[in-house]
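Start at 1 with the first residue, then count along the sequence. As the structure lists them, so they are numbered: ligands from 1, and atoms in each ligand from 1.
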Amino acid sequence: MENQVKVLVTGAGGFIGSHLVKYLKKENFWVRGVDIKYPEFFESEADEFEILDLRRWDNCLQATRDVKEVYALAADMGGMGFISNHNAQILYNNSLINLHTLEAARTNGVKRYLYTSSACIYPEYLQEEADVKPLREEDAYPAQPQDAYGWEKLVSEILCMHYRNDYGMETRTVRFHNIFGENGTWEGGREKAPAAMCRKIAEAKLDGKNSIEIWGDGEQTRSFCYIDDCVEGIYRLMRSDFPEPLNLGQDRMVTINQLADIISEIAGVKIDKKHIDGQQGVRGRNSDNTKLREVLNWEPEISLESGLAVTYRWIEEQVQNKTGNNKSHKALTQSGVS
Ligand code: NAD
C-alpha cells in the first residue's frame, strides 16, 4: 500500500463508478469509494467505501482527504424521462455536489481531478434532425443545452477550467455519450434507453407477448458506448495531459428502432414495436471522435452488438429472478405461508 497512489471515486455506488473502481484496482491504485449508497449488484472492490452525501461541504472535505486524484462521478441523474421532469432538483443537487467536491479537493491539495460531463451539454439547435452531424467539442458554444442537467454540466466544466487556470489544479473533463452495460440501473425510472429496451424485450420474451412500447416514432438517433471502453477512456484521459473537454463515446449512430431490432435478435425473439407518446430528448445525436483519436491515440472499440449481448443476458437474468421471486412469493402467500 505504501507505493500505491491513493485516489477517490465519487458516485462509486453507481453504474460507471462501480466499474471504474474495479478498473483502478486492477491498475494497482488504493481506492476510496464514496456515494450515498453501496453498489446494488456486486460488492465494491474499493479499499475503503464511505457513505457520504456530497451536497454537504463537510462531507466533501472528508471524502477528499489524503488522496492525490479525484474521479468525480457523483450526480443525481437518470434517463430522459427522469432528466426532463426533475430540472430544479437536478440543478440544485448537482451544483452543490460539484462546487463542494472541487473546492474541497483544492483545499486538501488534490493534484488531478477528472470531471464527468455529458453529451447533454451540446446545443439543442444542432440536434434537430435524426441524420445529425457528429458533435465536435467546440460545438458546445453558443450554448443551448436542452435541460437543467446539461446547463449544470456546462457550468461545472467551466468551473474546472477556472480551477486549473487560477489554482493550477490539473483538471480533466470527459463528455460521455450514452454509456451502457451490465450491473447498471435497469428498472425504476432512472434507467437509460439501452437498459430499458433490454428489460422490455426480456419481459416480452418471458411473458410470450412479443410486443414492446417505444417512446416516439423510434427514428430518433444516438450512439452507444459499452462500459469497458468507457472506463478505459476515463483512465486514459486522466493520465493524459489534455485539459479541455473531450468526447467519449462511439461514433456509430443508430435509431432507437434499430437498437430494438439488435436486442431482439440477441434475445432470439421477433418483437412488434408499438410507438407511444413519451420523452425522446433531442432528435439526433452522435459523437465526433476526431479529437478523441488525436489526444488518446485510441477510441472505443467494443461493438454495439457485443456490448448489448452481455448487457441483455444480464438484464434477462434480473427480470427472470424478479419474476421467479414474485411467482414464488405469490405461491407462498396463496398457500398461507407468508
Ligand atoms: P449513476 O446514477 O449510476 O451514478 C451516480 C451515482 O452518484 C449514484 O450511485 C448516486 O447514488 C450518486 N449520488 C447521487 N447524489 C449523491 C450525493 N448527494 N452524494 C454522493 N453520491 C451521490 O450514473 P452513472 O451512469 O454511473 O453516471 C456517472 C457520471 O457520469 C454522472 O456524473 C453522470 O452525470 C455522467 N454521465 C453518465 C452518462 C451515462 O450514459 N451513464 C452519460 C453522460 C454523463
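Only the side chain of K192 comes within 4.0 Å of ligand 1, counting heavy atoms alone; its backbone N, CA, C and O stay farther away. Only the side chain of K153 comes within 4.0 Å of ligand 1, counting heavy atoms alone; its backbone N, CA, C and O stay farther away. Residue S117 touches ligand 1 through its backbone alone, judged by heavy-atom distances below 4.0 Å. The residue T10 has no part lying near ligand 1, judged by heavy-atom distances below 4.0 Å. Proximity of N178 to ligand 1, defined as any heavy-atom pair under 4.0 Å, is confined to the backbone N, CA, C and O atoms.
When the options Y149, F15, F176 are ranked by their closest heavy atom to atom 33 (C) of ligand 1, first place goes to Y149. Comparing A12, G14, G13 against atom 4 (O) of ligand 1, the shortest heavy-atom distance belongs to G14. Comparing I83, L73, N183 by heavy-atom distance to atom 29 (C) of ligand 1, the nearest is L73. Here the shortest heavy-atom distance to atom 13 (N) of ligand 1, taken over G11, A75, G150, belongs to A75.
Salt-bridge annotation for R136 and D139: present, with a side-chain N of the basic residue lying under 4.0 Å from a carboxylate O of the acidic one. Salt bridge R285/E129: absent, no basic N to carboxylate O contact under 4.0 Å. A salt bridge links R175 with E157: the closest approach of a Lys/Arg side-chain nitrogen to an acidic carboxylate oxygen falls below 4.0 angstrom. Contact check on D217 versus R283 returns a salt bridge, with a Lys/Arg side-chain nitrogen under 4.0 Å from an Asp/Glu carboxylate oxygen. Taking 4.0 Å as the cut-off between side-chain N and carboxylate O, K6 and D47 do not count as a salt-bridged pair.
Which parts of ligand 1 touch I97 is read off a 4.0 Å heavy-atom cut-off, strictly below it: atoms 15 (N), 16 (C), 17 (C), 18 (N). Atoms of ligand 1 lying under 4.0 Å from any heavy atom of K37, numbered from 1 in the order shown and given with element: 9 (O), 11 (O). Under a 4.0 Å criterion applied to the non-hydrogen atoms of D53, ligand 1 contributes the atoms 17 (C), 18 (N), 19 (N). Below 4.0 Å from some heavy atom of L52 lie the following atoms of ligand 1, by number and element: 19 (N), 20 (C).
Annotation: L54 places an N or O atom under 3.5 Å from an N or O atom of ligand 1; distance criterion only. In terms of polar-atom proximity, defined here as any N/O pair under 3.5 Å, D76 makes no such contact with ligand 1.
Protein heavy atom closest to atom 22 (C) of ligand 1, with residue, atom name and distance, is I36 CG1, 3.7 Å. Atom 27 (O) of ligand 1 has I16 CD1, 3.9 Å as its closest protein atom, hydrogens excluded (heavy atom only). Nearest to atom 40 (O) of ligand 1 among the protein's heavy atoms is I179 N, 2.8 Å. Among protein heavy atoms, atom 23 (O) of ligand 1 sits closest to M77 SD, 3.3 Å. In this structure, atom 6 (C) of ligand 1 lies nearest to the protein heavy atom D35 OD2, 3.6 Å.
In terms of modelled atom types and a separation under 3.5 Å, the side chain of N108 and the main chain of V110 share no donor-acceptor contact. In this structure, the side chain of N183 does not engage the main chain of F15 through any donor-acceptor pair within 3.5 Å. A distance-only check finds a donor-acceptor pair linking the side chain of T116 to the backbone of A72 [under 3.5 Å]. Between the side chain of N98 and the backbone N or O of N94, at least one donor-acceptor pair lies under 3.5 Å.
The CG atom of D272 sits 12.5 Å away from the CD atom of E213 when rounded to the nearest 0.5 Å.
In this structure, the side chains of R199 and E191 come closer than 4.5 Å at one or more pairs of heavy atoms.
The aromatic rings of F29 and Y235 sit perpendicular, their planes meeting at an angle over 60°, well past the 30° parallel limit.
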